Engineer: 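Handing you a structure now.
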Amino acid sequence: MSSSPHPHTFRLSPVAYEALTDHAAAEPELYWEGESRRLNWNAEPSQAYCEKQGWFADGALNASVNCLDRHLATRADQAALIWQAEDADRVLTFTYQTLHEQVCRLANVLRSQGVQAGDRVAIHLPSVPEGLIAMLACTRIGAIHVVLFGGFSAEAIADRLVDSGAVLVITANVGRRGAKRIAFKTALDAALDLHPEAHTVRHVLVVSVTDDDVSMQADRDIWLSPLLKDAAPDCAPQDMPSSAPLFLLYTSGSTGKPKGIVHGTGGYLVWASYTHELVFDHQEGDIFWCTADIGWITGHTYGVYGPLLNGGTVLLFEGMPSHPGPGRWWNVIQDHKVTTFYTSPTAIRALMREGNDVVQRYDLSSLRVLGTVGEPISHEAWSWFNDHVGGGRCAFVDTWWQTESGGIMISPVPGAVREKPASATLPLPGVHPVLLDERGTPKGGATEGVLCLKGSWPGRALTIWNDAALFERTYLQPYPGYYFTGDGARRDEDGYYWITGRVDDVINVSGHRIGSAEIEDALATELAIAESAAIGIPHDLKGQGIVVYVVPRDDAPDDLHLRAAKAITSKVGRYAAPEHIHVVPDLPKTRSGKSVRRLLRKIACGETEGFGDLSTLADPEIVATLISIIQAPK
Ligand code: PRX
């Protein structure tokens with residue numbers, strides 16, 4: 001248990017926090033009605049929640065007005081966004097006034113390209129200010145943004161463009177990554193060429209991040225910057241119903257295809273503002289740095305919406321933790337006097353390896369709150385981050401949540417909830433986790449089970465784009481009466497939650513969700529592969545690494561490993577590259593033909609015994625065969 005007293009003054013005392021928790025439990029309708037007043041509504045909602053219509057259903061508002069316009073009276077000259085370029089000498093600061101202007105200009109450009117409220121606009125950009133500006137510009141005119149992670153392969157981009165029905169894409173000529181250049185525009189061109197009849201993209205706006213030239217297709221591709229110069233600096237905001245989709249974000253699940261999670265406007269924004277203020281103890285003058293790419297939900301909720309809704313200052317860093325040297329992130333914290341630093345256990349593990357003397361060279365005394373997200377953090381990584389980066393002075397929030405939850409659900413609240421290293425601790429006021437046994441019965445007290453949530457919360461996703469039935473099947477039907485998170489958890493005698501990881505077939509690589517089926521579907525496109533199974537095993541740096549078993553067809557070529565790897569990186573992306581590919585004669589299957597992943601995991605981890613009863617397998621001998629293949633010297 002962390003005993004070091006925090007020298008900081010936090011917003012919330014334990015007593016005030018308890019009062020919030022009690023109020024949220026006793027009078028949810030009143031509580032959320034109160035929280036909805038964080039936002040400026042054009043039409044005030046008459047009700048907080050109704051099962052049929054969702055959150056703040058008859059309210060109307062505009063997201064960009066809430067992030068920008070309403071702060072102009074008091075914060076016009078305050079920094080809203082500080083962009084630190086890869087080049088240490090290059091910093092761009094956008095005040096609320098100038099950010100407002102940039103957002104309006106881009107919103108006008110979108111309108112001039114024919115984008116209307118409800119249209120989908122894809123954003124495929126590196127970490128440059130235009131990403132955040134583009135998101136807010138979409139919301140200004142009621143368009144739905146679909147941010148695509150820069151690490152996606154052309155095929156992954158194409159699938160998402162087709163599924164979302166995007167009419168316009170905002171991309172960059174290239175992205176900078178250390179000395180390297182990432183070919184954003186070329187990847188997008190390849191994606192658009194893949195299914196020319198299936199996609200609906202009419203225009204591509206190209207941000208020039210560098211002066212690198214790229215090929216531009218007449219009638220489709222336009223450089224953005226001249227259009228922005230000519231656009232008016234004001235743009236009338238579109239009034240949107242609270243339940244209108246604000247954005248789609250694709251994420252992986254147990255089923256093969258990534259699904260477009262749809263977040264609504266009013267509920268999501270209330271949740272982003274509420275959780276950002278509570279969990280990060282948001283205070284006047286804070287500099288908030290979230291290291292997540294805007295291609296992921298963390299980048300949406302805490303890299304953009306939460307801090308801006310609360311009138312904060314966002315820091316966006318273009319570069320990597322290790323370029324040009326291993327202290328780069330610490331340098332950024334020191335130079336910009338970051339107060340709130342939100343990152344991933346994967347990044348912490350990598351930075352830990354650089355040694356304590358690197359971090360000690362920098363003045364990190366501006367930090368007040370440290371946060372992690374995306375995967376379980378080990379006790380060792382927690383302590384290192386707390387002691388060496390936070391100097392034992394900071395609040396530490398290990399935040400559990402997911403794309404579908406919109407924002408943080410289980411987390412310490414600085415000053416109010418006592419931390420325990422590596423525990424996400426307690427649900428936020430208004431969140432009601434339960435641990436269920438396999439039959440769906442809630443388990444009381446200190447126990448372990450499947451983590452579900454009772455009741456709704458404002459940030460909950462509305463549905464899955466194009467597949468409302470899949471939303472029901474995935475989240476609401478597995479345990480009737482509860483929302484199924486896909487995670488397992490343990491609850492200790494103090495009621496604290498310890499997330500144990502996914503209970504479904506989702507693999508968490510460096511905090512990135514990848515479905516086993518997504519990888520297996522990619523492998524199925526390689527003709528030489530008869531069948532395959534992908535599983536996750538513990539990995540020192542990435543949290544989990546992917547191991548793939550492939551069963552070749554009879555006439556399999558010698559380069560099957562290479563072909564399998566290529567199928568995965570080209571269909572999914574490089575971030576899904578497996579650690580090991582094992583070519584095997586068959587998979588352990590039940591008599592009904594289902595691969596037994598539990599055994600595949602154990603064998604991949606190098607275990608040679610303790611497999612339990614194998615008599616239910618169609619061919620029990622296969623286990624020994626796989627062990628001998630995996631143990632054989634390579
Ligand atoms: O398994 C949990 C893990 O990440 C999953 C959600 O992934 P994604 O939708 O990509 O969102 C990541 C950022 C919110 C969860 O189902 N996860 C997230 N936070 C934690 C975590 N596992 C353990 N501890 C956490 N703090």
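Counting starts at 1 for both ligands and their atoms, following the listed order. Values in this document were obtained by computation on a predicted structure and should not be read as measured data.
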Engineer: Show me which atoms of ligand 1 lie under 4.0 Å from any heavy atom of Asn508.
Structural biologist: 3 (C), 4 (O)

Engineer: If the contact criterion is a heavy-atom separation under 4.0 Å, does Pro376 count as touching ligand 1?
Structural biologist: yes

Engineer: Could you find the nearest protein heavy atom to atom 6 (C) of ligand 1 and give me its residue, atom name and distance?
Structural biologist: Gln402 CB, 3.5 Å

Engineer: Taking 4.0 Å as the limit for heavy-atom contacts, which would you say applies to Thr399 with ligand 1: side chain only, backbone only, both, or neither?
Structural biologist: backbone

Engineer: Using a 4.0 Å cut-off to any heavy atom of Gly374, which atoms of ligand 1 qualify?
Structural biologist: 3 (C), 4 (O), 17 (N), 18 (C), 19 (N), 20 (C), 21 (C)

Engineer: Taking non-hydrogen atoms only, is Thr298 closer than 4.0 angstrom to ligand 1 via side chain, backbone, both or neither?
Structural biologist: side chain

Engineer: Between the candidates Met409, Glu375, His300, Arg513, which shows the shortest non-hydrogen contact distance to atom 8 (P) of ligand 1?
Structural biologist: Arg513

Engineer: Hey, does the Lys NZ or Arg CZ of Lys454 hover above the aromatic six-ring of Tyr482, less than 6.0 Å from the centre and inside 45° of the axis?
Structural biologist: no

Engineer: Apply salt bridge (Lys or Arg N to Asp or Glu O under 4.0 Å) to Arg490 and Glu448, showing your working.
Structural biologist: CA-CA 4 Å; Arg490 179 167 75 75; Glu448 190 163 342; 5.2 Å; no

Engineer: Distance from Leu249 atom CG to Arg160 atom CZ, nearest 0.5 Å?
Structural biologist: 9.5 Å

Engineer: Within the side chain of Ser532, is there an N or O that forms a donor-acceptor pair under 3.5 Å with the backbone of Tyr549?
Structural biologist: no

Engineer: For Glu493, does the CD atom have more than 12 heavy-atom neighbours from other residues, nucleotides or ligands under 6.0 Å away?
Structural biologist: yes

Engineer: Can the positive tip of Arg38 be found less than 6.0 Å from the middle of the six-membered ring of Tyr274, inside 45° of the ring normal?
Structural biologist: no

Engineer: Any idea which atoms of ligand 1 are less than 4.0 Å away from a heavy-atom of Asp398?
Structural biologist: 25 (C), 26 (N)

Engineer: Taking heavy atoms and a distance under 4.0 Å, where does Ala424 meet ligand 1: side chain, backbone, both or neither?
Structural biologist: neither

Engineer: Who gets closest to atom 1 (O) of ligand 1 by heavy atom: Asp487, Thr372, Val397?
Structural biologist: Asp487

Engineer: Please say whether Thr251 places an N or O atom under 3.5 Å from an N or O atom belonging to ligand 1.
Structural biologist: no

Engineer: Are Tyr268 and Thr301 linked by a side-chain donor-acceptor pair shorter than 3.5 Å?
Structural biologist: yes

Engineer: Distance under 4.0 Å to a non-hydrogen atom of Arg502: what atoms of ligand 1 satisfy this?
Structural biologist: 1 (O), 15 (C), 16 (O)

Engineer: Using distance alone, with no hydrogens and no angle criterion, decide if Tyr575 and Thr569 have a side-chain donor and acceptor under 3.5 Å apart.
Structural biologist: no

Engineer: So, taking the atom named CD1 in Ile377 and the one named OG1 in Thr346, what distance separates them when rounded to the nearest 0.5 Å?
Structural biologist: 9.5 Å

Engineer: Considering only heavy atoms of Trp401, which atoms of ligand 1 have at least one such atom less than 4.0 Å away?
Structural biologist: 6 (C), 14 (C), 15 (C), 18 (C), 19 (N)

Engineer: Under 4.0 Å from a heavy atom of Thr403: give me the atoms of ligand 1 that qualify, with their elements.
Structural biologist: 8 (P), 9 (O), 10 (O), 11 (O)

